[in-house]
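We count ligands from 1, going down the list as the structure has it; atoms in each ligand are counted the same way. Note that these values count all heavy atoms, side chains included, but never hydrogens, waters or copies made by symmetry.
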Amino acid sequence: MKLLGSNTSPYVRKARLVLLEKSIPHEYVVDPPTEPGSLVLKLNPLGRIPTLILDDGFCVFDSSVIADYVDSLSESQILIPREDSRARLRVKRWEALADGIMDSAIVVRVESLRPSEQQSPALLELHNTAITKALNYASELIGSPWCEGEAITLADLALVSALLYLDLRQAERDWRGSHKNLANWFERISARRSVVVSREG
Ligand SMILES: N[C@@H](CCC(=O)N[C@@H](CS)C(=O)NCC(=O)O)C(=O)O
């Protein structure tokens, strides 16, 4: 299978981390949909990344759907709990929280690229506040050593993807200073091979 994406997209990082953690053989192809001739535009009606192309050509889109599918491919290292519905719900809620941080950070990024007189301070405030509140929530919720306790799950992979994107686009936001437990967890997950590989490009 082939994962089409870009190195800056947090949703792509989440999908890559799932593939890497599960040790699923795949090819990662940098193919941003903004580039003319991008395969993403031909195969994914939404024109978004990540896009996963299975060996028979079946096109999978949306990082949550990709994560779910890839996790189902093997019994080793289950990232989304299967038997315990509340445990599954907790992990999926973590994913939604992390995705929400990504969504808001992207709105802020896109808005910030507009000429300053055309920017909406209210929109920037709305999304920056959502990010702040989501980080507070994550900091209250996070377990040890991983988000949901002893086993690493999709929750951790989604959260690290969101935080790496904040570091990229909102370096001035001192989330480590206000959330020491998140900072410690981040140090721990940053040493993980999957995260190291995903940061190499
Ligand atoms: N909910 C989607 C969001 C995907 C998304 O918005 N990706 C952005 C990149 S970060 C994208 O492809 N935007 C279109 C573009 O870059 O042209 C997911 O989780 O996969």
Trainee: I'd like to know if M102 and L97 are part of one continuous hydrophobic network [Ile/Leu/Val/Met/Phe/Trp/Tyr, side-chain heavy atoms within less than 4.5 Å].
Mentor: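 In one cluster with L97: M102, no.
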Trainee: Heavy atoms under 4.0 Å from ligand 1: which residues qualify?
Mentor: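 Near ligand 1, by chain and number: S9, Y11, P33, T34, G47, R48, I49, P50, D62, S63, I106.
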Trainee: Would you call R176-D167 a salt bridge at under 4.0 Å N-O?
Mentor: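 Looking at R176 and D167, the cut-off is met.
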Trainee: Quick one: hydrophobic cluster around L46, which other residues, with the 4.5 Å side-chain cut-off, linked directly or via members?
Mentor: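 Taking Ile, Leu, Val, Met, Phe, Trp and Tyr as members, L46 shares its hydrophobic cluster with F61.
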Trainee: Is the closest basic N to carboxylate O distance between E148 and R93 below 4.0 Å?
Mentor: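 Salt bridge: no.
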Trainee: Is it true that D31 and K42 have a side-chain N and a carboxylate O under 4.0 angstrom from each other?
Mentor: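 Answer for the salt bridge query: no.
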Trainee: Using the rule given for side chain to side chain contact (heavy atoms under 4.5 Å, CB included), can you reason through C147 versus L141, listing the C-alpha separation, both sets of side-chain angles and the distance that settles it, and then say yes or no?
Mentor: CA-CA 8 Å; C147 285; L141 201 65; over 6 Å; no
